[in-house]
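Heads up, the thing below is written out as structure tokens.
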Number of protein chains: 2
Amino acid sequence: MREQASSPAFRRAEPDARRLSLIEACARVLAKNGPTGASVRVIALEAGVSAGLVGHYFGGVDALVAATYDHVDAQVSKALDNAVATAGAVPHARLEAFVTASFTPPIADPALLATWIAFWSLVTTRKDIARQHDEQYAAYRARLETLLGDCGVPKADQRLHAIAVTAMVDGLWLELCLSPGCFSGGEAREIARRFLATITGR
Amino acid sequence: MREQASSPAFRRAEPDARRLSLIEACARVLAKNGPTGASVRVIALEAGVSAGLVGHYFGGVDALVAATYDHVDAQVSKALDNAVATAGAVPHARLEAFVTASFTPPIADPALLATWIAFWSLVTTRKDIARQHDEQYAAYRARLETLLGDCGVPKADQRLHAIAVTAMVDGLWLELCLSPGCFSGGEAREIARRFLATITGR
DNA sequence: TTGCTTGTTGAACATTCGTATAACAACGCG
DNA sequence: CGCGTTGTTATACGAATGTTCAACAAGCAA
């Protein structure tokens with residue numbers, strides 16, 4: 001009765017693949033247990049690896065959370081790009097698609113909010129994470145400014161209008177995720193559409 | 001050499017007063033260390049009492065955080081009331097004061113955001129806290145609907161407009177606290193004023 | 001097959017966590 | 001003044017935390 005020679009105790013993975021699986025596990029744990037329950041061991045268990053690997057690839061939970069935020073943010077950006085591309089060539093339709101996509105799955109998802117909250121909770125404490133937040137939000141606003149410009153919004157007005165639209169989207173998205181029963185994604189889209197109309201002059 | 005008879009090792013306090021001091025200590029610790037660093041011991045140390053008292057008056061950190069949110073939310077409501085009262089009797093001025101007060105101290109304060117984030121992080125996990133969140137946000141929107149009605153907004157439009165204004169205020173306030181360098185409180189007020197103008201028809 | 005590289009494990013470490021509980025002492029009351 | 005109530009402390013406890021590191025083994029190269 002010998003051990004099966006073809007049942008390795010663990011699999012080696014490419015560094016990037018392992019990193020990704022840990023990031024995805026972190027996102028799942030954050031969504032399920034909240035920031036408090038996202039410990040190194042629980043995340044590692046969720047990923048099916050030992051706890052030491054988190055320290056090996058990241059070096060701390062904070063760095064893993066930051067990487068998770070970065071990854072999820074990239075996914076959101078991709079979804080927004082798809083929405084814009086699907087909208088066609090008319091500038092107003094592209095802008096509207098970019099904005100209203102935030103209120104449709106997979107972006108309007110309480111599970112995503114958990115990652116955002118965990119990340120926000122680190123902004124005040126850690127300076128490098130505050131910088132990361134500034135950069136990623138600046139990138140979002142920059143894309144919005146371009147879309148606004150394509151709709152004829154004067155250069156001088158783009159910055160403040162981009163800030164306004166971003167705030168509106170964030171506020172609606174936040175509340176939509178925190179208490180889904182208060183209003184619907186469709187109502188959020190309607191609100192956003194009306195607001196965009198007042199900016200682009202219909 | 002005897003001990004001074006007039007130096008008690010600790011003071012007894014009225015239950016409500018002790019509760020309040022723990023709540024305020026909790027808010028300070030949340031602002032300083034973030035949700036992760038807000039343990040029973042640290043909060044008790046900040047309040048100048050022993051750790052056991054937190055369990056005695058609340059029963060868990062979660063309940064203390066919920067109580068802290070409730071207390072801070074009440075303070076914010078009071079500040080908003082003051083702003084409205086100071087604005088006089090003209091409905092449009094009252095509405096504008098209510099909205100723009102969120103971008104002025106003491107409401108626009110990163111320290112407050114820490115309490116909000118800690119509370120949000122519990123909404124997904126705990127049902128009773130989700131209910132508390134729904135109630136307090138509903139109260140905010142209800143006040144807004146009244147102010148909108150006083151400005152001539154038709155009853156049928158009040159709900160959606162209140163949701164929109166709330167989202168705009170939350171988004172601006174959130175970003176203002178997260179990265180204060182991106183835009184100023186004055187710019188936030190300007191954005192809010194313009195948005196209110198489009199709703200109330202100038 | 002043999003050897004080497006290195007991703008991976010598992011255990012040990014010192015802290016810190018939340019909670020429960022017995023002993024203490026402040027303060028009002030008689 | 002002494003007594004009793006009870007707010008408060010201090011301690012102890014088990015569980016869970018982050019981190020470290022030596023030993024192991026998977027998979028590639030020769």
Side-chain angles (χ1 to χ4, degrees), chain A residues 2-26 29-30 32-68 118 121-122 125-126 129, chain B residues 2-26 29-30 32-68 118 121-122 125-126 129:
Chain A
R2 80 172 68 173
E3 315 170 15
Q4 291 190 5
S6 56
S7 66
F10 60 89
R11 275 186 321 158
R12 308 190 106 169
E14 225 174 322
D16 286 341
R18 185 65 80 192
R19 239 184 293 266
L20 181 61
S21 80
L22 281 170
I23 284 173
E24 290 173 340
C26 179
V29 171
L30 282 174
K32 203 187 310 169
N33 305 338
T36 306
S39 68
V40 170
R41 286 167 218 268
V42 174
I43 294 171
L45 180 67
E46 172 73 26
V49 298
S50 80
L53 270 198
V54 174
H56 184 266
Y57 281 112
F58 300 90
V61 189
D62 291 0
L64 176 53
V65 169
T68 302
S121 71
L122 300 175
T125 309
R126 305 198 26 171
I129 289 190
Chain B
R2 80 173 68 174
E3 313 172 17
Q4 293 191 6
S6 57
S7 65
F10 60 89
R11 274 185 321 158
R12 306 188 109 167
E14 225 174 323
D16 287 340
R18 185 65 81 191
R19 240 184 291 267
L20 181 61
S21 79
L22 282 170
I23 284 173
E24 290 172 339
C26 179
V29 170
L30 281 174
K32 202 188 310 170
N33 305 339
T36 306
S39 68
V40 170
R41 287 168 218 268
V42 173
I43 294 172
L45 180 67
E46 172 73 26
V49 298
S50 82
L53 270 197
V54 173
H56 184 265
Y57 281 112
F58 301 89
V61 189
D62 291 0
L64 176 53
V65 168
T68 301
S121 72
L122 299 176
T125 310
R126 305 197 25 170
I129 289 191

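Just so we're on the same page: letters track the sequence lines, and every chain starts at 1.
At the phosphate of C:dT8, OP1 or OP2 sits under 4.0 Å from a side-chain N or O atom of A:Arg18. Taking side-chain N and O atoms only, A:Ser39 has no distance below 4.0 Å to OP1 or OP2 of D:dA16.
Between A:Val42 and B:Pro15, the residue anchored nearer the 5' end of DNA chain D, judged by the nucleotide with its closest heavy atom, is B:Pro15. Across the interface with DNA chain C, nearest-nucleotide mapping of B:Ala38 and B:Phe10 shows B:Ala38 to be the residue nearer the 5′ end.
Atom-to-atom, CG of A:Leu22 to P of C:dG7 comes out at 14 Å; the value is rounded to the nearest Å. The interatomic distance linking A:Arg11 (CZ) with C:dT8 (C1') rounds to 13 Å, in whole Å. Following rounding to the nearest Å, B:Glu14 (CD) and C:dC27 (C1') show an atom-to-atom distance of 13 Å. As rounded to whole Å, 5 Å separates atom C1' of D:dA26 from atom CZ of A:Arg12. Distance, B:Asp16 CG to D:dG7 P: 12 Å, rounded to whole Å. Counting to the nearest Å, the P atom of D:dG7 and the CG atom of B:Leu20 are 17 Å from each other.
A pairwise comparison of heavy atoms in A:Ser50 and A:Ala44 identifies O-CB, 3.5 Å as the closest pair. Here the closest heavy-atom approach between residue B:Ala47 and residue B:Ser21 is recorded as CB-O, 4.1 Å. Considering every non-hydrogen atom in both B:Leu30 and B:Pro35, the closest pair reads CD2-CA, 3.8 Å. Residues B:Glu46 and B:Lys32 share a closest heavy-atom pair of OE1-NZ, 3.4 Å. Shortest non-hydrogen contact noted between A:Ile43 and A:Val29 is CA-CG2, 4.1 Å.
Residues of residues 44-58 of chain B having a heavy atom closer than 4.0 Å to DNA chain C: none are found.
Minimum atom distance to the side chain of A:Arg41 is reached by D:dG18, of the listed D:dG18, C:dG18, C:dT9.
Between A:Thr68 and A:Phe58 there is no side-chain heavy-atom pair separated by less than 4.5 Å.
Counting only residues at least two apart or in different chains, salt bridge (Lys or Arg N to Asp or Glu O under 4.0 Å) contacts with residues 52-63 of chain A comprise A:Asp62-A:Arg126.
Residue-level contact check: B:Gly37 touches neither bases nor backbone, having no heavy atom under 4.0 Å from any strand.
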